[in-house]
Each structure stands twice: as structure tokens, then as C-alpha cells.
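See structure below.
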Amino acid sequence: MSSATDVDVLIIGAGLSGIGAACHLQRELPGTSYLILEAREAIGGTWDLFRYPGVRSDSDMYTLGYAFRPWRGAHALADGDDIRSYIQDTAREFAVEDHIRYRHNVIRAEWSSSQARWTVTATHTDADGIASERTVTARFLYACSGYYDYENPHAPDLPGLGSFGGRVVHPQFWPDDLDFTGQRVVVIGSGATAVTIVPAMARGGAGHVTMLQRSPTYVLNMPSKDPIADVAERALPARAAYGLTRWSHIIQAWGLYQVSRRRPDLVRRFIRSDAAKLLPPDYPLDVHFNPRYNPWDQRLCLVPDGDLYAALSDGSAEIVTDTIETFTEHGIALRSGRHLDADIVVTATGLRLRPGGGAELVVDGRPVDLASTVTYRGIMLCGVPNFALAVGYINASWTLRVDLVSRYVCRLIGYLDRHGFGSAWPDAPAPGEPTRPLMDFAAGYIQRGADVLPRQTGRGVWQVRQNYLAERRRLGRHARVEEGMTFRRTPAPVRRSLAG
């Protein structure tokens, strides 16, 4: 492991985004020195943290995987172990592992204009649990830790929870010793986590699984194996086959989103008819699968090979649409008067947002309030030098956008070096320019976290487009990295010169 304490680029997080960022640096800016600080003990980020039954991607792996390293797995919707292995294998192939410092939780990052450097403070916890502070300095800081709070998930007030005599678990902290064989399980929630856990526990030996939801979510069936990928892999060289499959998924997802925005009733009918084919004829679809909002007002929940519908059809699972009156010693009493008997309750009640891993940002002694900043291209923060955030799409694969962001960051760093600049920061939009949330989306976790996220405007480089095809042009190789930016010469000679 590198012992360097001063590097060109410091990456926060060794998950899907951070490992990808490191690979892009090595591919596009060879010779760039970098470190990755990772709070956990392993590579993987979200895919190392989440270990609940059935954990898998909610985007296809042909777009959630990296553009530069094809996904070779058998399933388009891959389970967590396979995704974690993919990230680990990528880090190994590109020799990224030697640049990672584990158990380093970044708590503060301070920018000095006079030194053109970030000084980053992290709490390091050794194998014996003893914590100490470590510092690293860097020319450029790249936060690739996502925006989830890994320590504190969303925990709504559940009346009477303390009276429940069974076991309560949250998917974010799934216990290794939980044996649910033959147990009556109630999963509270209706999002992607809930629709994953329910069929996994049902086929994993639970006595019975109930998904308790306040209101329905759109659930879309998807084949676990992609027929286009199967044909392409037989007919084309490996890289060409991956490119074709990847683009087919990009176009399909983009098309579904666009139709959902323009013809929501058409998409609603399509999703409903697909569910009707996979459920018993007398199933109450309008009770449990008829959301109050339009498709793609929130993310669609994908289910591979209709596994949720299969569990509902064979009786190993059920959905109850109701609200909680109170917990009892033996389960949950509902407003309707029904009682759900339970041995185990899983609170799949959602996530909490904490951008940048919660680290405090300070510029020349001035704390940065993320919620009052405006983003530049959804990548940098106005007035904050040499800093970028890896934030993916909310209506498509996360990695599609993060790949674009990492390549853009590489071009910006290359521009600084070629022109002898030490720092760059985005200009603020015009005074009085109206702003809106960075993620203008109706999902509960986004709404709850709106007050901790940066903002955007409705135009120019201060606008974020939730559209890969449009952003590929705006952030691609021909994008003008100097547009809307201020540059400053380095106060000291550039340590090296990068070609190209």
C-alpha cells in the first residue's frame, strides 16, 4: 500500500464510483498520483454493506457495469455478491488495490487557496479498534461516496414498536445470525428493497412473508437473462457484443422514461397488463398494484423473472395495503382491524441521504453549506475549487452518469496541467437566478434529503439533465471544460506535465 500523504487526486470511497474513478485516472491520465480513502474494511461500498436476502441491482448490469470493463455475468439483474466481485476484480485488474487506505473515515476537508491544496482529515480505526486522525493533502478532491447515510437509515416512528416480542431488523444492517426458517415475516415497505426481500425470504424457507405497504409502487417484470445479449455474444466479438447490449439497454430505458413522461396512462396500462398475466385471475390488482402517482414519478421496481408475482401466486407471500395502528407483542395491528402475526419484522422503510459521506468542507476558513450551493454540470460546486462529486442518475443506471463524470474530471485535471493552472472553480449563476433541487424527484428518500443536497438552476452549465443521451454530448470529449469556470495559476511550479 502506498504511504504517500500528498497526491494529485484524493478519492473518497472505494465503491462502484470510486474504483471506476481510479481506473479512469489510470487510463486517461497515466502518471497521476492518487489515493482512495475508504471508511469500511473492504471494496464495494453499497454492495459490501447491504447483505439482506436477495440483494441485487435495480438497474441492468450492462449499464450499471463500467463502459471500459464489460459485464460478463449470466444475469442482467445481478445479485450483490456478483456485483461486489465485479468491483473487486476491476480493482485487481487495474492495480487499484495498492492505492486504497481502508478504515479511513473522512471527517473534514479544508481548501487553501495560497497552497492550492486540500488538507483532508480522516479518522483511522486500526484492527484493535483504536482510532486516530490521519491527514492527506491533494491537488484535487473527488467525492465518490454516493449520497446514502451508511450509519443511519430512515427510521420512521412505528407506534408501539417496543411492545413487539419478536425480532426487528433493518435491511441496511442485516444480522448474520438471523434464521428465518419457518418464521412468520412482515416486511414493511414497498420499494426496491422490499420487493427484493419478500420473494427471497419466501423461497429461502420462511414460513410466510407479508409485504405491508401504505400505498403501491410500480413493479415491472424483467427477464433475468437478456435475450439480446445471448444473441450478440454468439454472433459478435466480445467487446462488440457488450457494446450492442449496453446500447440496447440505454435506448430501452430512455424510451420507457420518455413515454412515461408523455403518455403515463399507456405505460400504466402496460405495467398492469403484464402483472395480470403473472398473477391469479382474481388477484386484487387495483388494491395492491395501482399507485396514486404516474410511472417514473418515482423509480420503477424491477423484478427478475417475475419472482415477486410467483411468490404471491403460490401463497408463500402476500401483499397487504394498509396502515399500522400499533405493534403488539405478537405482530402488527392495522387500521382496518386486521392483525398480522409476526415472528420477525423487517423495516424496509427507506434510506437517508448524506452527500459526501458527511465530511465537512471548508474553503479558506469558510465552511461550505452544501444545501446553499449550486452545482456546475451536476459535478462541481460553485465557488469550491478543485472539487467534484460523483452523482449518478435517478432515472437510469447510476454508473452511466458517473462514468461521464469521471472522464470529465480527468479532462479538467488534464486542462489544468497543460495550461499551468493550480486551481479552478465554477462561477456562480447570475444573481437572483431561480434554483431548484438537484434531484427533482418524488421518491421519499429524495424528498426527505432535499435540504442537505446542493441545488441547480434551469439553464446552462448549472442545470443537471437526467438524460444520458443529452449529457453524453454535454460532458463528452468535446465539452468545453473552461465554460463558466475561473482558473488560477499555481502558486508553485507544476510538479509534472501531462501530455495530451
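Please read all numbers here as calculations on a predicted model, not as lab measurements. Excluded from the calculations below are hydrogen atoms, water molecules and symmetry mates; all remaining heavy atoms, backbone and side chain alike, are included. We're numbering straight along the sequence, starting at 1.
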Open item on the list: Do N386 and W425 have side chains that approach each other closer than 4.5 Å (heavy atoms only, starting at C-beta)?
Closed with: no
Task: NZ/NE/NH1/NH2 to OD/OE distance under 4.0 Å, R103 and D126 - done: no
Open item on the list: Can a donor-acceptor pair be found, under 3.5 Å and without considering hydrogens, that links the side chain of E28 to the backbone of C410?
Closed with: no
TODO: Could you list the residues that satisfy side chain to side chain contact (heavy atoms under 4.5 Å, CB included) with L469, not counting sequence neighbours?
DONE: W247, I250, I251, W254, N467
Open item on the list: Looking at F421, I'd like to know if the NZ or CZ of R489 sits under 6.0 Å from its six-membered ring centre while staying within 45 degrees of the ring's axis.
Closed with: yes
Task: Exam field: side chain Q456 to backbone V464, donor-acceptor pair closer than 3.5 Å - done: yes
Open item on the list: Ignoring hydrogens, what is the shortest heavy-atom contact between K225 and A74? Give both atom names and the distance.
Closed with: CG-O, 3.4 Å
Task: Neighbour count above 12 (heavy atom, 6.0 Å) for R474 CZ - done: yes
Open item on the list: Which residue in the set V391, L438, T435, D369 passes side chain to side chain contact (heavy atoms under 4.5 Å, CB included) when paired with P454?
Closed with: L438
- [ ] Dump the intermediate steps for side chain to side chain donor-acceptor pair (under 3.5 Å) on T123 and N105, then the final yes or no.
- [x] CA-CA 5 Å; T123 300; N105 181 37; 5.4 Å; no
TODO: Using modelled atom types only, decide if a donor and an acceptor are shared between the side chain of S33 and the backbone of V7 within a distance under 3.5 Å.
DONE: no
Open item on the list: Are the side chains of L400 and L64 in contact, using a 4.5 Å heavy-atom criterion?
Closed with: no
Task: Close side-chain approach of V303 and R56, heavy atoms under 4.5 Å - done: yes
TODO: Establish, yes or no, whether the cationic atom of R261 lies under 6.0 Å from the six-membered ring centre of Y257 and within 45° of the ring axis.
DONE: yes
TODO: Tell me whether the centres of the aromatic rings in F140 and F387 are closer together than 6.0 Å.
DONE: no
Open item on the list: Check this for me, if you would: do D58 and R299 make a salt bridge, where the nitrogen-to-carboxylate-oxygen distance has to be below 4.0 angstrom?
Closed with: yes
Task: Nearest non-hydrogen partners of A76 and Y62, listed with the distance - done: CB-CE1, 3.8 Å
Open item on the list: Counting C-beta onward and ignoring hydrogens, is there a side-chain heavy-atom pair between T457 and V374 closer than 4.5 Å?
Closed with: yes
Task: Test item: side-chain donor near acceptor, W111 and S113, under 3.5 Å - done: yes
Open item on the list: Looking at R377 and E471, is there a salt bridge between them, counting it only when a charged N and a carboxylate O are closer than 4.0 Å?
Closed with: no
Open item on the list: Using the side-chain hydrogen bond (donor to acceptor under 3.5 Å, both in side chains) criterion, which residues pair with T63? Sequence neighbours excluded.
Closed with: D60
Open item on the list: How close do S397 and S59 get, counting heavy atoms only, and between which atoms?
Closed with: CA-OG, 3.7 Å
Open item on the list: Would the distance check show the side chain of D297 and the main-chain N or O of N294 forming a donor-acceptor pair, the cut-off being under 3.5 Å?
Closed with: yes
Open item on the list: Could you check, using the six-membered ring where one of them is a Trp, whether Y52 and H170 have ring centers closer than 6.0 angstrom?
Closed with: no
Open item on the list: Determine whether Y218 and Y293 satisfy the following criterion, ring pair (Phe, Tyr, Trp, His ring centres under 6.0 Å), listing intermediate values before the conclusion.
Closed with: CA-CA 9 Å; Y218 286 104; Y293 55 90; 5.3 Å; yes
Open item on the list: Between R246 and G65 (side chain of the first, backbone of the second, donor and acceptor by atom type, cut-off under 3.5 Å), is there such a pair?
Closed with: yes
Open item on the list: Any salt bridge linking D6 with R117? Criterion: basic side-chain nitrogen under 4.0 Å from a carboxylate oxygen.
Closed with: yes
Task: Working for ring pair (Phe, Tyr, Trp, His ring centres under 6.0 Å), residues Y376 and W462 - done: CA-CA 5 Å; Y376 170 90; W462 302 281; 7.2 Å; no
Open item on the list: On a heavy-atom basis, which atom in H104 and which in Y102 lie closest, and how many Å separate them?
Closed with: ND1-O, 2.8 Å
- [ ] Mind running side chain to side chain donor-acceptor pair (under 3.5 Å) on H75 and D82 for me, showing each step along the way?
- [x] CA-CA 10 Å; H75 297 99; D82 287 343; 5.4 Å; no
Task: Short N-O contact, D417 and R139, less than 4.0 angstrom - done: yes
Open item on the list: Testing the 3.5 Å rule here: is there a donor-acceptor pair between the side chains of Q88 and R92?
Closed with: no
Task: Close side-chain approach of T90 to Y66, heavy-atom, < 4.5 Å - done: yes
Open item on the list: Apply side chain to side chain donor-acceptor pair (under 3.5 Å) to residues Y34 and Q26 and explain how you reach the verdict.
Closed with: CA-CA 9 Å; Y34 72 91; Q26 294 191 165; 2.6 Å; yes
- [ ] For the pair S57 (side chain) and A78 (backbone), establish whether a donor and an acceptor sit closer than 3.5 Å, ignoring hydrogens and angles.
- [x] yes
Task: Any donor-acceptor N/O pair, Q466 side chain to I394 backbone, under 3.5 Å - done: yes
TODO: Start with the C-alpha gap between V55 and I83, add the side-chain angles, then the distance that decides, and say whether side-chain contact (heavy atoms from CB on, under 4.5 Å) holds.
DONE: CA-CA 10 Å; V55 58; I83 300 172; over 6 Å; no
Open item on the list: Between N152 and R354 (side chain of the first, backbone of the second, donor and acceptor by atom type, cut-off under 3.5 Å), is there such a pair?
Closed with: no
Open item on the list: I'd like to know if the side chain of R411 and the backbone of G476 have a donor-acceptor N/O pair within less than 3.5 Å.
Closed with: yes
Task: Backbone of I228 reached by a side-chain donor or acceptor of D226 within 3.5 Å - done: yes
